[in-house]
Amino acid sequence: MQDKPFSYTIPYPGFKPSRVDNHLQRHLSDLKGQFSNEKAYQTLLKKEDVLLYEVYEIKRPEVEGEILMGISIVHPGKVGNEFFMTKGHFHTILGTAEMYYCLHGEGFMVMETPEGDTAVEALAPGKVLYIPPRWAHRSVCTSRQQDLVTFFAYPGNAGHDYGTIEEKGFRKLIIDRGDGIEIIDNPSFNE
Ligand code: F6R
Ligand code: ZN
């Protein structure tokens, strides 16, 4: 059967697409071992398993030729001095790219390749970010009050490899220095 073209809207404010096939929510407990200050992580977790981010997915078949789309919303907050962020991943098919369009908020995309190249791009409304094949990516919300909202699109066959990041972490961290935001080397990165 042939698909028919379809459209949907992303309303402002709210950003929940008019078509949603899956609503994914990730809490603090889903990012075990990912924040550098383990003591701050455990203290916050004991208090509340807070919602870090959510994703509204528009489902398509996960095959070559399709494009998967959705809205990612990272909420403001910190674990110690590290901002709330997504788990981050490589695509299983490393040779697949992704694009992000920032709709709201402030933040960064932290990226790296398996070879150890790193890149950090600031995100602000109106900014389009192209992530070439091979680059792992993690969104970080650095606003104190506002959600970081992005629209993303990537190839249907990409798949997600979370394991590599869970094991090694990212090479760069985004932290709140008090008087500003700093990008630092991750002291506990596992080579
Ligand atoms: C898909 C993609 C985004 C993220 C979303 C949540 O390839 O990069 O849709 O999935 O921002 O982040 P993760 O998947 O790292 O929990
Ligand atoms: Zn991705």
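Read the numbers this way: they start at 1 and go in the same order the structure lists the ligands and their atoms.
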- [ ] Assess whether ring-ring contact (aromatic ring centres under 6.0 Å, His included) is satisfied between His75 and Phe84, documenting all intermediate values.
- [x] CA-CA 7 Å; His75 298 302; Phe84 284 2; 8.4 Å; no
Nearest protein heavy atom with distance in Å, relative to [atom]:
{"atom": "atom 12 (O) of ligand 1", "result": "Thr86 CB, 3.5 Å"}
{"atom": "atom 5 (C) of ligand 1", "result": "Val55 CG2, 3.9 Å"}
{"atom": "atom 3 (C) of ligand 1", "result": "Tyr100 OH, 3.2 Å"}
{"atom": "atom 16 (O) of ligand 1", "result": "Tyr53 OH, 2.5 Å"}
{"atom": "atom 2 (C) of ligand 1", "result": "Glu98 OE2, 2.9 Å"}

If the cut-off is 4.0 Å to any non-hydrogen atom of [X], which atoms of ligand 1 fall inside it?
{"X": "His137", "result": "8 (O)"}
{"X": "Tyr162", "result": "13 (P), 14 (O), 15 (O), 16 (O)"}
{"X": "Gly88", "result": "15 (O)"}
{"X": "Phe152", "result": "9 (O)"}
{"X": "Ser72", "result": "11 (O)"}

TODO: Using only heavy-atom distances, determine whether the side chains of Thr92 and Asp161 contain a donor-acceptor pair under 3.5 Å.
DONE: no
Task: Cation-pi check, Arg26 onto Tyr162 ring (under 6.0 Å, within 45° of axis) - done: yes
Side-chain ion pair, [X] and [Y], N-O less than 4.0 Å:
{"X": "Arg144", "Y": "Asp176", "value": "yes"}
{"X": "Asp3", "Y": "Arg60", "value": "yes"}
{"X": "Asp185", "Y": "Arg171", "value": "no"}

Open item on the list: Please classify the Arg138 to ligand 1 contact at 4.0 Å (heavy-atom distances, strictly less than): side chain, backbone, both or neither.
Closed with: neither
Task: Apex the Zn ion (ligand 2); atoms His89 NE2 and His91 NE2; angle rounded to 10 degrees - done: 110°
